[in-house]
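Below is one structure; the comments refer to it alone.
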Amino acid sequence: MQPQASGPDDLVPPMERSHWVAFAGILLMVSALFNLLTGFVAVFNHGYYSKVYSGGDRLLILNYTAWGWIFVALGIVMALLSLGVLVGSRGARLAGVCLAAICLVAQMIFLPVYPWWSLFTMLVSLLVIYGLLVEPKHVHGARV
C-alpha cells in the first residue's frame, strides 16, 4: 500500500540542484570580487593603470576612472546575483549569464593594461557562463 499525499507539496519531488550551478554561483562571487578589486584600484589609485600601460589615461572607450566605476557596479550586481544563484533563482541564473558576458567584454577592453589578470578573469567568466547554462544530467527535464 502506498502512502497518500497529504498536500500539494508532497506530490512535487524535491528539487535537485546541479553541482555546476553551485560551482558557478561561487565563481560568480569570485568574479564579483575580482571586478570590485579592479574597479577600486582604477577609482582610488588614479595613476596605477596609467603607469602600467603606456597608452595614457584612456582605454578603448573611456578613461580608467569611468571603467573603475563600471567594474564596481558590475561587481556589486554580480555579488547579489551570486546569492540568488546559490538560492536557486532562475532569473538570477539568466542575469548571471548576461553579466558574465558583459564582464568578459569589459575584460577584453582592459586586456592591454593587465593581460594575465584579464585573461584569468575572462576564464572565470567563461566557467560561470558554462556552469549556469549546462543542463544537469541527473535531473530529467531540468532547464536553465
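Under the 4.5 Å side-chain heavy-atom criterion for ILVMFWY residues, no single connected hydrophobic cluster contains both I109 and L104. Connection of M78 to M122 is not established within any shared hydrophobic cluster, with ILVMFWY side chains joined at heavy-atom distances below 4.5 Å, either directly or through further cluster members. Y130 and F120 fall within a single hydrophobic cluster, where Ile, Leu, Val, Met, Phe, Trp and Tyr are joined by side-chain heavy atoms under 4.5 Å apart, directly or via other members. A continuous path of ILVMFWY side-chain contacts below 4.5 Å connects V97 to V21, so both sit in one hydrophobic cluster. Cluster annotation: L111 is not connected to L37 through the hydrophobic network of ILVMFWY side chains, with a link wherever side-chain heavy atoms come within less than 4.5 Å.
Taking CG of L127 as the start and CG of L28 as the end, the distance is 12.0 Å to the nearest 0.5 Å. Going from atom OG of S125 over to atom CE of M108 covers 9.5 Å, rounded to the nearest 0.5 Å. Taking CD1 from I26 and CZ from F23, the interatomic distance works out to 8.0 Å, rounded to the nearest 0.5 Å.
N35 has its side chain out of reach of I70: every pair of non-hydrogen atoms, C-beta onward, lies at least 4.5 Å apart. Residues V41 and Y114 form no side-chain contact, since every pair of their non-hydrogen atoms from C-beta on lies 4.5 Å or further apart. Side-chain atoms of V30 and L33, non-hydrogen and from C-beta on, never get closer than 4.5 Å to each other.
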Any chance you could lay out the side chain to side chain contact (heavy atoms under 4.5 Å, CB included) test for V72 and L36, step after step, and finish with the verdict?
-> CA-CA 5 Å; V72 167; L36 285 171; 4.1 Å; yes
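Listed here is the closest heavy atom pair of F34 and T121: CD1-OG1, 4.1 Å. Across all their heavy atoms, I129 and A100 have their closest contact at CG1-CB, 3.6 Å. Between L132 and R93 the shortest heavy-atom distance is O-NH2, 2.9 Å. Among all heavy-atom pairs drawn from G68 and A42, the shortest one is CA-CB, 3.6 Å.
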Exercise answer: donor-acceptor pairs, residues 81-89 side-chain atoms, under 3.5 Å, sequence neighbours excluded:
from, atom 1, to, atom 2, distance (Å)
S82, OG, A79, O, 2.6
S89, OG, G91, N, 3.4
S89, OG, A92, N, 3.3

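A donor-acceptor pair under 3.5 Å is absent between the side-chain atoms of S31 and the main chain of L27, judged by distance alone.
The side-chain hydrogen bond (donor to acceptor under 3.5 Å, both in side chains) analysis of residues 94-111, with sequence neighbours excluded, yields the pairs Q107-S118.
Relative ring orientation between F44 and F40 is described as parallel, the plane-to-plane angle staying below 30° on a 0-90° scale split at 30° and 60°.
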